[in-house]
Amino acid sequence: MTTPAEHPRHQLNEVVHSPVRFSIMAALSKAESLDFKDLRDAIQVSDSVLSKQLSILEKAEFVKIKKSFAGKMPRTSASLTGTGRDVWAAHLQTLRDIAGG
Amino acid sequence: MNETTGNMSAAEARELLARADSLGASSINAAAWPVAVMFTSLAIMGSLLMIGMHIVLVGGYGAALLACSVGAWGAITASIWPMFQRSTKAGYTKRFLTSLLGYFALYVVALFCGAYFFRDGNLWFYIPAAIALAAVGLAAAFRELRA
């Protein structure tokens, strides 16, 4: 008797699958980098929520945070790392596998 | 598998995929305009310079001054406008550098050929040079808008 194949949902990445972090990864996937304010406006969350979720993704090494200055104004931007892009692509493929039934 | 990932249906997966597509597209909506404006400005300046070079060369005075002043404004434009760029689309750095280097390479070639081979002006050279610089600058602008 053969073992049934594992359902694709077991391959979903738990770090990425959280709603806000999923939205962050989706927004960053098409960008080289996104300013903090543009990212916040795109996914419609507060500054504190976005900061917290970005920290989690940065700790997982999926996202890189860059802080710079435009004159005296601090500017923060985020971008996906190579690992982050690979993980995101795999996550989307898993969703397609689930969607395909 | 856990409570978050364990009970996903095909419909939920499709909804998530659609949401990912939508967010990815909307997040970079306004990311192209500063660089597009910059390249459009370079297109205008470069093509007007070529016509201006013909005029001053025919007149016999001011070609070097015209070329230097337009070149300086071109450099200022190329430096200032990208500062308005807060977010960038995927592949922006490579596209921007290749477009900028391509434009200024053509600019230098056009100036050199004009100064060396057409010192007294020649519409048959300067009009095509103006068109070429305009085309390259505008192509770079549209390249960023369509990315």
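Heavy atoms only: backbone and side chains are in, while hydrogens, waters and symmetry mates are out.
Each of B:M45 and B:L48 belongs to its own hydrophobic cluster when Ile, Leu, Val, Met, Phe, Trp and Tyr are linked at side-chain heavy-atom distances under 4.5 angstrom.
Between B:F112 and B:Y116, the ring planes lie parallel to each other; the angle is under 30°, not in the 30° to 60° tilted range. Between B:F118 and B:F125, the ring-plane angle classifies as parallel under the 30° and 60° cut-offs. Taking the six-membered ring where the residue is Trp, B:Y126 and B:H54 present tilted rings, their angle falling between 30° and 60°.
Between chain B and the options A:A31, A:S77, A:A26, the largest number of non-hydrogen pairs under 4.5 Å is found for A:A31. Chosen from B:S22, B:G91, B:A11, the residue pairing most often with chain A at heavy-atom distances under 4.5 Å is B:G91.
Contacts with chain B (heavy atom to heavy atom, under 4.5 Å) involve these residues of residues 33-43 of chain A, listed by number: A:S33, A:L34, A:D35, A:K37, A:D38, A:A42, A:I43.
When side chains are defined from C-beta on, A:R21 counts as touching A:V15, because their heavy atoms get closer than 4.5 Å. Looking only at side-chain heavy atoms (C-beta outward), B:L100 and B:M38 come within less than 4.5 Å of each other.
For B:L16, the parts sitting under 4.5 Å from any heavy atom of chain A are the backbone and the side chain alike. Contact annotation for A:S23: both backbone and side-chain heavy atoms come within less than 4.5 Å of a heavy atom of chain B.
Of the N and O atoms on the side chains of B:R143 and B:S99, at least one donor lies less than 3.5 Å from an acceptor on the other residue. Residues A:E32 and B:T93 bring a donor and an acceptor atom of their side chains to less than 3.5 Å of each other.
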